[in-house]
There are 2 protein chains.
Amino acid sequence: MARWEPGAAGRLREAAVELFARQGFDQTTAAEIAAAAGLTRRTFFRHFPDKRDVLFAGEAALERALVSAVDEAPEGLSPLSLIGLALDRASDVFVDMPRDRVRARQAIIDSDASLLERQREKYAALARAMGAALARRGIGEPAATLAAECASVVFTVALTQWLADGESRSLSVIAAEVLAELRALDVPR
Amino acid sequence: MARWEPGAAGRLREAAVELFARQGFDQTTAAEIAAAAGLTRRTFFRHFPDKRDVLFAGEAALERALVSAVDEAPEGLSPLSLIGLALDRASDVFVDMPRDRVRARQAIIDSDASLLERQREKYAALARAMGAALARRGIGEPAATLAAECASVVFTVALTQWLADGESRSLSVIAAEVLAELRALDVPR
DNA sequence: GTCTATAGTGCGATAGAC
DNA sequence: GTCTATCGCACTATAGAC
């Protein structure tokens, strides 16, 4: 048997969601999480610079998905259409995730102001990366920034809806619908 | 002579920007700010629950302007047109402010992570208030949230441009232009 | 570890406005 | 007199210096 099982970071992330959900974020120590994952406190901090990060390690994959979709998209699309492609690709990141697990994670974040702030920070970083990707395609300012922020908002709204009680549609379907609503914002009502 | 001059909060805010700009946020104590405004440390904390708040007390007026514009707008407009009216009203809040002072304030915020965090929080609250105002007008979800977040983004981008070196146009002109860019995001390019 | 400086709070006293 | 803003003091907590 190996000295360590593979996927230490993943096991830490799962254990963290589990423990935070059961006993609260503040009431859970890094040592507990590490123990539940069969690791030591020291190893926890080698993977995550602070206790909060264990909940946000997934954002990197999201950013890669969003940015690569923009980078690889065909020419001649509108910024909003580019965003549509990016959101579709980002939705793929979530297809293999159990909805209940993502729901639990979001409930933890919603319960703590400092976690909410960290989440805002992550989304702001995501938007900056998207803006840079759009700029590489020749989209000027302020269009690139506006489109990137729109992507962030549409994604957030769509994710919230995906996690809502009784919702069964896929994230990509919901995101497309929310993007359509964004496009319709200038229709009088 | 009166025991207290009127406008204590305003004097504290001015002194704070002055001192933060000169010696840095961390290097300035609440007592110093209070003294510069002819008050005591205790009075500072009666006006502002914490040291950061002295930089953000103005957001309340901004929120009132945005929300009242939506509340008082005529019927039958699109959500984007509603936020156009709101942005115009919000710009009025800034007409009497010296651009250099707002620039100094923003430079202070940009220099400190915890202040940036507070600013994100304030804008998030602003967007929530706008979303609620739009909902009162019968705008459903997710349109209300989307439009409110768009307003927040357009305002942020416009304010940044207003503060840019060499920019001389008024905030309301810039905001109208940025909103026009937002409307044009679905044009292929 | 100690020491210092500062953030932030609770409470009561006081000086004015009305 | 009431009401409110300010003040002064004492307190806890915490971050950094050493």
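Proteins get letters first, then strands, A, B, ... in listed order; numbering begins at 1 in each. Note that these values count all heavy atoms, side chains included, but never hydrogens, waters or copies made by symmetry.
- Remark: B/Arg46 is in phosphate contact with D/dT6, judged by side-chain N or O atoms under 4.0 Å from OP1 or OP2.
- Salt bridge absent: B/Arg137 and B/Asp71 never bring a charged side-chain N and a carboxylate O closer than 4.0 Å.
- Relative to the side chain of B/Thr29, the nucleotides D/dC7, D/dT6, C/dA7 differ in distance, and C/dA7 lies closest.
- Listed nucleotides C/dG10, C/dG8, D/dC7 differ in distance to B/Arg42; the shortest reach to its side chain belongs to C/dG10.
- Proximity of the aromatic rings of B/Tyr123 and B/Phe56 is defined here by a centroid distance below 6.0 angstrom, and this criterion is not met.
- In this entry the distance linking CZ of B/Phe45 with P of D/dA10 reads 18 Å, nearest Å.
- A salt bridge links B/Glu72 and B/Arg89; the closest N-O separation between the charged side-chain nitrogens and carboxylate oxygens is under 4.0 Å.
- The distance from atom CZ of B/Phe44 to atom C1' of D/dA5 is 16 Å, rounded to the nearest whole Å.
- Counting to the nearest Å, the P atom of D/dT6 and the CD1 atom of B/Ile33 are 15 Å from each other.
- Atom NZ in B/Lys51 sits roughly 16 Å away from atom P in C/dA5 (whole-Å rounding).
- With respect to the salt-bridge test (charged N to carboxylate O, under 4.0 angstrom), the residues B/Arg169 and B/Glu177 qualify.
- Listed pair B/Thr43 / D/dC7 meets the phosphate criterion, a side-chain N or O lying under 4.0 Å from OP1 or OP2.
- The side chain of B/His47 lies closest to D/dT6 when the candidates are D/dC7, C/dT9, D/dT6.
- For the pair B/Phe48 CZ and C/dT6 P, the interatomic distance rounds to 20 Å; values are reported in whole Å.
- We find that CD of B/Gln27 is positioned 15 Å from C1' of D/dA17, with the value rounded to whole Å.
- Rounded to an integer number of Å, the gap from CZ of B/Phe25 to C1' of C/dA7 is 10 Å.
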